[in-house]
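Comments concern the structure below.
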Amino acid sequence: MKTFLVSFIIALSCNFSYSQEITIECNFLYTRITDSSTSAYLCMLSKQQISATATSIKFTGNHQSGKTDASVLGFLITDCNVPSFNYVLMDAMHSQFPNIKYIEVFASNVQEIVPGAFNRSANSEKILKVHFLFNNIKTLADGAFSGLTSVENFRFVSNRLQTVSEDAFKGMKSVTRLDLQYNHIKVLPKNVFKSMFLLGSIDISNNLIEVIDGEIFDGNEMLQYIYISYNQIKAIGRRFFAGLYQFNDISAYNNLCVSNTFRYREAAMRGFEKCFDNYDILFP
Ligand SMILES: *[C@@H]1O[C@H](CO)[C@@H](O)[C@H](O)[C@H]1NC(C)=O
């Protein structure tokens with residue numbers, strides 16, 4: 001009886017720490033990553049569970065002949081369960097594969113991108129392309145992509161995204177193409193795209209946006225193509241086109257104050273008059 005009692009107490013008060021080291025099987029292969037015309041040698045993970053509490057991760061797998069970890073140019077994570085995309089995962093990728101340039105996370109139930117996930121390794125600065133497609137990420141917090149200073153092609157499509165914090169994309173100064181379509185975004189903070197001064201194309205179609213601040217693209221002077229169709233837009237600030245000297249084309253079908261596509265800035269400004277008027281009425 002006494003022994004039982006003692007061990008019972010120990011079990012209760014024991015603050016055991018355990019480390020979760022996990023090994024994940026890579027399928028090393030040449031394959032395309034979305035939108036690439038060329039193939040790259042990638043580590044493809046599929047049907048794998050990557051625990052949010054893993055403390056260290058090691059990748060294994062059989063390389064194709066003549067290839068080594070240093071030949072791996074990217075990750076394709078598809079059909080996995082990766083609830084938390086964090087620095088443990090990124091550090092593991094970078095330390096084992098020093099030449100990663102591409103990351104695509106497709107239908108893998110990612111629910112959060114932990115701020116700081118990408119800024120602990122200097123190698124994050126070599127990443128050129130990041131795609132999160134068909135995940136379950138409702139919120140992007142400030143600093144979510146901090147460290148991704150060289151990413152040019154950034155797609156964040158069909159992730160059920162509702163809230164983008166103002167500094168979520170801070171530091172992403174090389175992005176030329178940004179895709180945020182097919183999410184549930186209602187509001188875009190005024191300064192959310194400020195870091196992206198090379199931005200040439202933005203797609204925020206198929207969201208739930210109602211009002212757009214007129215200064216949303218201040219600082220995006222290179223912007224040529226804008227896609228905002230299929231939102232609920234009823235009002236846009238009058239300065240919306242003001243700094244867009246390279247403007248080429250806006251696609252704005254199926255909104256409340258506009259439903260059309262326009263080429264040339266002057267034509268677009270005329271076509272958006274109702275949106276501007278509504279904005280003036282809403283925010284006199
Ligand atoms: C990394 O990003 C996080 C989140 O924004 C931030 O708190 C941290 O200071 C950053 N660290 C470095 C080394 O930049």
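Every number for a ligand or one of its atoms is a count from 1 in the order of the listing. Since we're looking at a predicted model, the values are computed, not measured.
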Test: Arg120 cationic atom under 6.0 Å from Tyr87 six-membered ring centre, within 45° of axis: yes

Sequence neighbours excluded - disulfide bond (SG atoms under 2.5 Å apart) pairs with any residue from residues 216-278: Cys257-Cys275

Every residue of the protein that comes under 4.0 Å of ligand 1, judged on heavy atoms: Pro115, Gly116, Asn119, Gly143, Ser146

Pairs involving residues 140-180, ordered by first then second residue, that meet disulfide bond (SG atoms under 2.5 Å apart) (sequence neighbours left out): none

Under 3.5 Å side-chain donor-acceptor pair for Tyr30 and Lys67: yes

Residues that Tyr227 engages under ring pair (Phe, Tyr, Trp, His ring centres under 6.0 Å), provided they are two or more places apart: none

Shortest non-hydrogen contact from Glu215 toward Arg239: CG-NE, 3.7 Å

